[in-house]
Amino acid sequence: MSLGNSFGLCFFHSLLSQLQTKAVKSSLLVFRRLLQSNLKPSDLTFSLLIKASASSSFASNSLKPKLEANQIHTHLFKSGIIQLAYIRTGLLNLYVNLGCVKNARFLLDEMPGRDVVAWNALISGYSKNGYDFLAFNLFIEMVREGFRPQATTLVGLVPSCGRLELAFQGKSIHGIGVKTGLDRDSKVKNALTSMYAKCGELEGAEILFEEMVEKSVVSWNTMIGAYGQNGLFVEAMVLFKKMRAQAVEANYVTVMSLLSANADHETIHCFAIKSGIVNNASVVTSLVCAYAKGGDSESAELLHKSLSHDNLVSLTALISSYAETGNMDKVVVCFTRSRQLDMELDAVAMVSILHGVKNPAYIAIGLAFHGYGIKTGLCIHCLVTNGLISMYSRFNDIEAVLSLFLEMQEKPLISWNSIISGCVQAGRAGDALELFFQMMMYGYVPDAITIASMLSGCSQMGYLQYGKKLHCFILRNNIEMEDFISTALIDMYIKCGSIELAERVFRGIKEPCLATWNSMITGYGISGFENKALNGYTELRKRGLKPDKITFLGVLAACIHGGNVDKGRRYFQIMTEEFVWGALLDGCCIHQEVKLGEYLAKKLYLLDHTNGGLYVSMSNLYASEGMWDDVARVRQIMKDTGGDGSSGASLIELTS
DNA sequence: GCACTGTGTA
């Protein structure tokens with residue numbers, strides 16, 4: 001009998017250890033089978049059971065693994081095996097992997113003779129789950145109780161300092177490492193390198209990296225990532241080449257780090273194929289994200305389909321790339337697919353979708369997603385509420401915006417920013433100003449984004465005095481003056497009638513971006529400085545910037561204002577010869593010039609009647625003016641000609 | 001060691 005028992009157990013043990021690597025079916029199922037066979041599980045059985053559950057519990061959002069962990073916990077409790085330290089730590093680790101840090105904490109607190117391994121498990125558990133302060137406090141508690149930290153302790157704790165950008169605490173840990181000699185451990189060195197990089201102290205990272213005698217692939221990856229995170233993309237690539245030169249084999253993290261360091265995704269894709277890393281799901285997901293970000297939704301979708309298991313991150317990237325271009329039909333298709341797979345969207349995906357609801361024609365879809373958000377509880381996230389606020393403010397529904405805002409339980413700065421910019425965009429600068437004062441009364445300090453919105457509000461109302469106060473605020477608080485803020489500031493001074501002050505701001509900028517040039521050119525135009533506007537255009541071209549629709553409208557407005565028809569005609573010719581007419585048509589959407597738009601659309605049709613984008617632009621233009629009958633008419637034409645304006649397939653049909 | 005995300009200018 002006892003021999004039978006040990007044979008039976010051996011059989012189930014080997015089954016459980018196979019599950020660890022395959023991680024397919026529920027390990028608990030195997031365990032139940034074992035109990036049904038009247039076998040008595042030993043501590044080894046439980047150890048294997050816990051390990052098998054832990055390896056299959058990752059990347060799952062569902063409740064099932066958590067319930068399974070609870071069941072294992074119960075069995076352990078009933079059999080008394082939970083008293084064994086190594087079993088208890090295993091269970092603690094399982095809870096940590098499932099994100100149940102409270103249960104893990106309970107296990108540590110009630111542990112009779114807890115050892116340093118248990119402390120390590122919970123410290124790194126807190127850190128992994130983003131409870132950075134708890135991780136730090138636990139470390140202090142551990143040291144106070146007289147435990148000596150190990151290399152594993154530091155490896156678990158140091159990432160928390162990087163995430164919180166607690167450089168000082170990170171350095172203290174580094175100090176402890178030096179004192180105890182633990183810093184000689186290569187894992188500790190890698191963790192510290194990453195911490196310095198995340199805190200923006202690249203020099204520290206470089207020193208540690210150079211110091212390492214034996215650089216593993218993890219070390220190289222860490223340093224490549226360090227450069228990438230700090231915007232030094234060329235350095236990241238150079239280091240990758242060095243790594244290759246030293247014959248260190250790249251792995252999936254290398255590929256992902258390079259992708260996030262803005263490396264050309266097609267090149268990296270080739271490299272991944274050649275080195276056989278392309279089968280890795282994380283790499284494919286990152287590639288989907290890279291293609292999606294680059295606007296190549298088609299390639300992104302192809303890659304996404306090649307994944308054996310659909311995952312939310314990849315799907316979200318795909319959804320957001322469709323949403324970015326306002327292609328809500330595709331977004332809905334992706335959403336439907338996620339429902340069929342029984343995948344629940346998260347707040348990040350929801351936000352991407354809401355971002356895509358720009359065209360008034362899709363307002364019903366926006367409302368439907370609002371409903372979905374309420375039903376699923378996603379609306380509790382302030383991320384989602386901010387998305388809803390922006391969506392409703394795009395449609396000037398300020399009442400909806402205000403009620404959403406009032407219902408928010410916590411109102412972080414970003415939500416104030418959402419609602420203030422929402423009011424400004426809806427042309428209600430007065431309300432924006434009132435909210436701005438309220439925000440200040442609550443003790444919030446405005447950031448660059450608040451200021452940019454408020455400046456835009458001042459332009460609307462012509463509040464020069466208040467605009468000047470905001471300018472002072474920017475100077476006093478050393479708020480970054482480039483691009484957004486300076487453009488808004490210039491625009492404010494122009495709209496408030498002070499071209500001189502606008503010029504002064506403009507001259508203070510070293511490298512004005514296109515938007516800044518545009519606002520200055522437009523400003524000169526409407527203030528009657530036609531020549532200065534045209535000089536601005538020449539200067540901008542000299543600097544190698546590519547003018548866009550707003551530049552052209554600014555230049556044309558300057559010519560019209562100066563009554564200089566000939567010059568206007570000449571610039572108009574340059575635009576039509578060098579750039580597409582379509583840019584001008586989209587420009588009409590911004591200024592809601594329906595008549596001019598129709599004229600341009602006819603011209604464009606003669607040039608290229610297969611251009612589906614033409615109909616889309618016209619439909620958008622009509623929609624922006626609320627001319628719904630005309631929108632319907634254009635859509636009917638699109639249907640009749642078989643072009644839906646976006647799919648490549650229909651274009652092939654038309655030309656064949 | 002890694003991927004998806006909101007608020008801002010013309």
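The chains referred to below are lettered A, B, ... by the order of the sequence lines, with proteins before strands, and numbering in each begins at 1. Side chains are part of it too, since the values below use all heavy atoms of this structure and drop only hydrogens, waters and symmetry mates. Because the structure is predicted, anything quoted here is derived from the model rather than measured.
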Exercise for the section: Looking at every strand, decide which applies to A:K187 at a 4.0 Å heavy-atom threshold: base, sugar-phosphate, or nothing. Expected result: nothing
Exercise for the section: Classify the nucleic acid contact of A:T285 as base, sugar-phosphate or nothing, counting any heavy atom under 4.0 Å across all strands shown. Expected result: base
Practice task
Identify whether any heavy atom of A:Q425 sits under 4.0 Å from a base atom; if not, whether one sits that close to sugar-phosphate; answer base, sugar-phosphate or nothing.
Solution key: sugar-phosphate
Practice task
Looking at every strand, decide which applies to A:S314 at a 4.0 Å heavy-atom threshold: base, sugar-phosphate, or nothing.
Solution key: nothing
Problem - Spacing between A:N190 atom CG and B:dC2 atom C1', to the nearest angstrom - result: 15 Å
Exercise for the section: Let me know the distance between CD1 of A:I451 and P of B:dG8, rounded to the nearest Å. Expected result: 14 Å
Practice task
To the nearest Å, give me how far apart NZ (A:K411) and C1' (B:dG6) are.
Solution key: 17 Å
Exercise for the section: Check the side chains of A:D310 and A:H304 for a donor-acceptor pair under 3.5 angstrom, ignoring hydrogens and angles. Expected result: yes
Practice task
Check every atom of B:dG1, B:dC4, B:dT7 against the side chain of A:K293 and return the nucleotide holding the closest atom.
Solution key: B:dC4
Practice task
Please state whether the phosphate of B:dG8, meaning OP1 or OP2, lies under 4.0 angstrom from any side-chain nitrogen or oxygen of A:S421.
Solution key: yes
Completion exercise
Result for side chain to side chain contact (heavy atoms under 4.5 Å, CB included) between A:C496 and one of A:D491, A:L464, A:L501 points to A:L464
Exercise for the section: Would you check if there is a donor-acceptor pair between the side chains of A:N535 and A:T538 at a distance under 3.5 Å? Expected result: no
Practice task
Identify whether any heavy atom of A:C382 sits under 4.0 Å from a base atom; if not, whether one sits that close to sugar-phosphate; answer base, sugar-phosphate or nothing.
Solution key: base
Fill in the blank from the handout: Among B:dC4, B:dG6, B:dG1, the one nearest any side-chain atom of A:Y252 is B:dG1
Completion exercise
When rounded to the nearest 0.5 Å, the distance separating CE of A:M408 from SG of A:C382 is 4.5 Å
Practice task
Starting from P on B:dC2, measure out to CG on A:N262 and report it in whole angstrom.
Solution key: 16 Å
Exercise for the section: Classify the nucleic acid contact of A:N311 as base, sugar-phosphate or nothing, counting any heavy atom under 4.0 Å across all strands shown. Expected result: nothing
Exercise for the section: Consider only side-chain N and O atoms of A:S160 and A:S127, and report whether a donor and an acceptor are under 3.5 Å apart. Expected result: yes
Handout entry: Atom pair distance, as rounded to whole Å: CG in A:L514 and P in B:dG8
Key = 20 Å
Problem - Nearest to side-chain heavy atoms of A:A488, which nucleotide of B:dG6, B:dA3, B:dT9 - result: B:dT9
Practice task
Return yes if a side-chain donor-acceptor contact under 3.5 Å exists between A:E298 and A:Y291, otherwise no.
Solution key: no
Problem - Between C1' of B:dC2 and CE of A:M256, the distance in whole Å - result: 3 Å
Practice task
Counting heavy atoms from C-beta on, name the nucleotide in B:dT9, B:dC4, B:dG6 closest to the side chain of A:N386.
Solution key: B:dG6
Exercise for the section: State which of B:dG6, B:dC2, B:dA10 makes the closest approach to the side chain of A:S282. Expected result: B:dC2
Fill in the blank from the handout: Against the side chain of A:F484, the closest entry in B:dG1, B:dG8, B:dA10 is B:dG8
Fill in the blank from the handout: Taking B:dA3, B:dT5, B:dA10 as options, the one with an atom nearest any side-chain atom of A:L383 is B:dT5
Handout entry: Spacing between A:H370 atom NE2 and B:dG6 atom C1', to the nearest angstrom
Key = 15 Å
Practice task
Remember a base hit wins even if backbone is also touched, and classify A:H381 as base, sugar-phosphate or nothing at under 4.0 Å, heavy atoms.
Solution key: nothing
Fill in the blank from the handout: Side-chain atoms of A:I550 come closest, of B:dC4, B:dT7, B:dA10, to B:dA10
Problem - Phosphate OP1/OP2 of B:dC2: any A:K198 side-chain N/O under 4.0 Å - result: yes
Completion exercise
With the side chain defined as heavy atoms from C-beta on, A:S194 is closest, among B:dG1, B:dC2, B:dG8, to B:dG1
Exercise for the section: Just call it for A:S286: base, sugar-phosphate, or nothing, with non-hydrogen atoms closer than 4.0 Å on any strand. Expected result: sugar-phosphate
Problem - Centroid-centroid distance, A:F473 to A:Y466, less than 6.0 Å - result: no
Practice task
Return no unless some side-chain N or O of A:Q229 is found under 4.0 Å from OP1 or OP2 of B:dG1.
Solution key: no
Problem - Integer-rounded Å distance: B:dG6 P and A:I353 CD1 - result: 13 Å
Completion exercise
Of the candidates B:dT7, B:dC4, B:dT9, the side chain of A:I449 sits closest to B:dT7
